[in-house]
Amino acid sequence: MRNLFFLLIIIMSLPLTASGTETLRESVQDATNDAKREAKQQKHRLEEAACMKSETECLKQKTENRLEESTDAVVDKYNEIKNVIDDD
């Protein structure tokens with residue numbers, strides 16, 4: 001029983017990390033995607049601040065902007081994860 005306990009501790013202490021790494025091209029693409037998302041987000045905030053339509057129309061525009069930003073973020077993160085996994 002004691003040997004099993006020590007064996008369990010040794011196994012649990014082994015690093016169980018994936019060995020996936022990104023290539024330089026993928027890293028640059030990730031940074032580019034982050035910059036594009038940030039720029040798009042700032043553009044949306046400016047458009048929302050300058051909205052002169054009715055409150056309902058402005059809220060609709062704000063909701064559409066947030067949905068677009070969320071979709072872009074999810075797609076970019078999916079591609080980042082896929083790139084790391086594909087390198088294995």
Side-chain angles (χ1 to χ4, degrees):
M1 185 69 171
R2 189 174 211 202
N3 291 338
L4 181 62
F5 179 72
F6 286 120
L7 181 63
L8 185 61
I9 289 175
I10 292 171
I11 290 174
M12 289 175 56
S13 66
L14 294 174
L16 298 175
T17 59
S19 63
T21 57
E22 289 182 319
T23 63
L24 180 61
R25 181 186 60 80
E26 292 167 349
S27 296
V28 169
Q29 183 65 42
D30 293 346
T32 304
N33 289 343
D34 291 343
K36 286 181 181 178
R37 276 198 325 270
E38 184 68 28
K40 187 182 283 189
Q41 183 180 15
Q42 293 301 321
K43 184 186 96 167
H44 286 163
R45 297 304 173 276
L46 288 172
E47 290 173 353
E48 293 164 8
C51 184
M52 296 295 198
K53 300 175 186 173
S54 69
E55 187 175 338
T56 306
E57 288 294 320
C58 291
L59 187 58
K60 179 183 173 190
Q61 180 185 14
K62 185 176 181 178
T63 304
E64 289 171 354
N65 290 345
R66 296 300 185 283
L67 179 61
E68 181 181 351
E69 292 165 10
S70 299
T71 302
D72 290 344
V74 169
V75 168
D76 288 346
K77 292 301 174 186
Y78 167 78
N79 289 332
E80 288 177 23
I81 292 170
K82 185 178 68 114
N83 288 339
V84 170
I85 292 172
D86 286 347
D87 288 340
D88 285 344

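Everything quoted here is computed from the prediction, not taken from an experiment.
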CD of Glu55: more than 12 outside heavy atoms within 6.0 angstrom? no
Cys51 and Gln61 have their tightest heavy-atom pair at SG-OE1, 3.7 Å
Shortest non-hydrogen pair, Asp30 vs Glu80, comes out as OD1-CG, 3.0 Å
Look at Glu69 together with Arg45 and state whether they make a salt bridge at an N to O cut-off of under 4.0 Å. yes
For [X], what residues pass the salt bridge (charged side-chain N to carboxylate O under 4.0 Å, His left out) criterion, not counting sequence neighbours?
{"X": "Glu68", "result": "Lys40"}
{"X": "Glu47", "result": "Lys43"}
{"X": "Glu38", "result": "none"}

Nearest 0.5 angstrom please: [X] [atom1] to [Y] [atom2], how far?
{"X": "Leu59", "Y": "Lys53", "atom1": "CG", "atom2": "NZ", "value": "13.0 Å"}
{"X": "Lys62", "Y": "Leu67", "atom1": "NZ", "atom2": "CG", "value": "14.5 Å"}
{"X": "Thr32", "Y": "Asp76", "atom1": "OG1", "atom2": "CG", "value": "10.0 Å"}
{"X": "Glu26", "Y": "Lys82", "atom1": "CD", "atom2": "NZ", "value": "9.0 Å"}
{"X": "Arg66", "Y": "Thr71", "atom1": "CZ", "atom2": "OG1", "value": "13.0 Å"}

Determine, stepwise, if the pair Asn33 / Gln29 fulfils side-chain contact (heavy atoms from CB on, under 4.5 Å). CA-CA 6 Å; Asn33 289 343; Gln29 183 65 42; 3.0 Å; yes
side-chain contact (heavy atoms from CB on, under 4.5 Å) between Val74 and Lys77, intermediate numbers included: CA-CA 5 Å; Val74 169; Lys77 292 301 174 186; 6.0 Å; no
For residues Asn65 and Lys60, determine if any side-chain heavy atom of one lies less than 4.5 Å from a side-chain heavy atom of the other. no
